Amino acid sequence: MAKVVAVTGNEAVAEALRQVNPDVCGIYPITPQTDMMQRYASFINNGKVDTEAVLVESEHSSMSACIGASAAGGRVVTATSSTGLALMWEMLHIASGDRLPIIMPVVNRALSAPLNIHGDHSDAMGARDTGWIQIWSENGQEAYDNTIQAFRIGEHMDIRLPAMVCMDGFIISHSIERMEYLEDAEVKKFVGEFKNLHPLLDLDKPKSYGPLILTDLFHEYKRAQHEVMTKVKGVVLEVAGEFEKLSGRKYGLFESYRLEDADIALVILNSAAGTSKDVVDAFRDRGIKAGLLKPRLFRPFPYEEVAAALKNTKAVCVMDRADSFGGYGPLFMEVSSALYQLRNRPALINKIYGLGGRDYLPSHAELVLNELDGIAKGGKINVFKEYIGVRE
Amino acid sequence: MAETTEIRWHGRGGQGTVTAAKVLADACLSGGRHVQAFPEYGPERAGAPLRAYNRISAKELRMHCPVLAPDVVSVVDATLLDSINIAEGAKEDTVFLVNTTKEPKEVREKLKAGAGQKIFTVDATKIALDCFGRAMPNSPMLGALCKVTGLITLDHLLEDVRKSFGKKFAQKVIDGNIEATKRGYEEVREG
């Protein structure tokens, strides 16, 4: 029986971690994630979980501790945000290169400078090439559900990769919303016992992690990492299917919202997708065929599926809450790559919104949908990449 | 009330405004409703103006941005009436609830409220001082809001106040807040 609660995103993800009860948790505070690990530290202190906390002096050390614990043979978690994720950068590659299924909630926050504690996607987008699986969440319910599913995906014997679960800092992490918790026993059964693969602590079978591999086999090693990423989509869908049976909540590689017959569409991640859906409904009420695609699995990116979902639209705007300065927004570059393979493809524009927690309002979605409507009806594209909601 | 009720709280740091929004969200969960409660995060300083928001709806709440056109504006500190525009984005039928010693009529004149807009006042700070000796007006404001909006029954709210405050405070403080919530409910006036 599901339990209905009104909790913050941080509280919900801490609860998911409590229900999974991992062996080891690397803990280092950073706003807006701090509150999640503080809650988890309380669970440890109050004997609600058997997890061994490793309190460290930096995020680099936190990820290093997680790598050691995971290679030793444990189920391992940590959580971070912003510059904390940036400081982990070196170790993120080692976690994925060593094929260690560490699970890490990332509470998305802007990167410095200037210093800003609020939500944007610069942190996780900066980590998109680290070889981690990335799953993104619109609200606290999705962050909770995705965290539970991430264990099954990352730990799958065909995958064995680390996974980060993203949610928007403050907007979701610190907002109270209604959601449903699964029963402890249901979560425990769903994630199952942790299965070891080549644990260092199996002293009868000594092994090495992270040895020097030069020109003889490094290329092949990376080829294998590419190969395993191609299998992730299938596992994500398989796990989502099982999760739906348990919870009644449906997940895919992305969410298609009123896209089937859409002429115009937004592609947008996380909390701003929710706000946009209400505006899409308002456009539909006015007879304009608007739709929305909300990516869930960003790494690996489901190029073919995204292209298929958008192929009948006339104009699409990819909305980025991060910028690759001197380039397009990171999500735009993926969607653009996906659509290039189509013979007939929609017009495509890129808007940068909401950096450093700038509010994303319904009026912003209206502005963009109106522009797309004009383009779909034969209007010209004035500018391919543009900042919106900006004080000029 | 409409299908979705949007509430904007105005308070100052240290008055328990954010807690009030949280307690209200929790109390409104009943009957399968969807709820949101979230503050506007700035530098957190005692005495600084802050806003917090609630949405309560029979439908799933997908909007993740501040409340722009509030159905209810709840002002926890009357000095804010002089320093910020608490009526920003208000609708023709927005309900204002203000913690003040003044009569509803005076507040109506000050806000230049329209005929369709309802004004309620309650001396929540005095109630708080009477009941538990601290100028913490959040619980009487919750009681008043409960009466004004009819979103939940008083009994239900009291149960939630007991639950929420019970996590942090001694029995004496909890009892004081329960009494203050009841008095806020009883003493709120319309005009």
Side-chain angles (χ1 to χ4, degrees), chain A residues 2-9 11 31-32 109 115-119 137-142 167-180 249 255 257 268 270-282 292 294 321 353-354 356-365 389, chain B residues 2-9 17-44 50-70 88-89 151-152 156-157 159-161 163-164 167-168:
Chain A
K3 186 180 166 199
V4 175
V5 291
V7 293
T8 64
E11 209 172 337
T31 303
R109 165 186 153 183
L115 180 62
N116 178 300
I117 57 166
H118 288 279
S137 323
E138 179 181 325
N139 50 34
Q141 181 77 65
E142 290 193 7
M167 68 167 153
D168 286 348
F170 287 106
I171 303 167
I172 298 304
S173 68
H174 285 62
S175 291
I176 290 176
E177 288 191 277
R178 176 200 183 275
M179 67 185 81
E180 292 178 15
R249 294 186 289 277
E255 181 187 346
Y257 186 72
I268 188 162
N270 279 17
S271 66
T275 305
S276 302
K277 283 181 215 166
D278 278 8
V279 180
V280 163
D281 285 357
L292 179 146
K294 181 187 76 185
R321 202 164 205 154
Y353 73 97
R358 169 63 52 86
D359 286 327
Y360 175 74
L361 303 175
S363 59
H364 297 141
Chain B
E3 193 174 36
T4 300
T5 304
E6 295 189 300
I7 302 172
R8 187 172 69 213
W9 296 79
T17 308
V18 177
T19 303
K22 287 178 182 176
V23 172
L24 183 67
D26 209 53
C28 287
L29 264 186
S30 59
R33 280 183 292 190
H34 293 260
V35 297
Q36 286 182 340
F38 53 103
E40 202 162 74
Y41 281 95
E44 288 164 39
L50 63 82
R51 293 168 179 222
Y53 307 97
N54 282 123
R55 287 192 181 92
I56 293 126
S57 180
K59 288 192 310 185
E60 186 191 353
L61 290 164
R62 302 182 297 195
M63 199 65 88
H64 286 111
C65 63
V67 168
L68 302 171
E88 187 186 340
L151 281 166
I152 30 165
H156 195 109
L157 177 64
E159 196 181 300
D160 249 88
V161 169
K163 199 176 83 184
S164 301
K167 287 177 197 160
K168 279 188 186 173

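This structure is a prediction, so every number in the text was calculated from the model and none was measured.
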**Contacting region of Arg33(B) [heavy-atom separation from chain A under 4.5 Å]** = backbone
Heavy-atom pair with the smallest gap, counting every atom of [X] and [Y]:
| X | Y | value |
| --- | --- | --- |
| Ala6(A) | Leu29(B) | N-CD1, 3.5 Å |
| Arg178(A) | Gly32(B) | NE-O, 4.3 Å |
| Asp359(A) | Pro66(B) | OD2-CG, 3.4 Å |
| Leu361(A) | Cys65(B) | CD2-CB, 4.0 Å |

**Message:** Looking only at heavy atoms and a cut-off of under 4.5 Å, which of Asn139(A), Asp168(A), Val5(A), Thr8(A) has the most pairs with chain B?
**Reply:** Val5(A)
**Asked** Taking 4.0 angstrom as the limit, do Asp281(A) and Arg62(B) come out as a salt bridge?
**Response** yes
Which region of [X], side chain (C-beta onward) or backbone (N, CA, C, O), has a non-hydrogen atom less than 4.5 Å from a non-hydrogen atom of chain B, or is it both or neither?
| X | answer |
| --- | --- |
| Val7(A) | neither |
| Phe170(A) | side chain |
| Ile172(A) | side chain |

**Message:** Would you say that Pro362(A) contacts Met63(B) through its side chain, given a criterion of any heavy-atom pair below 4.5 Å between the two side chains?
**Reply:** yes
**Asked** Going from CD on Glu60(B) to NZ on Lys277(A), what distance comes out if it is rounded to the nearest 0.5 angstrom?
**Response** 6.5 Å
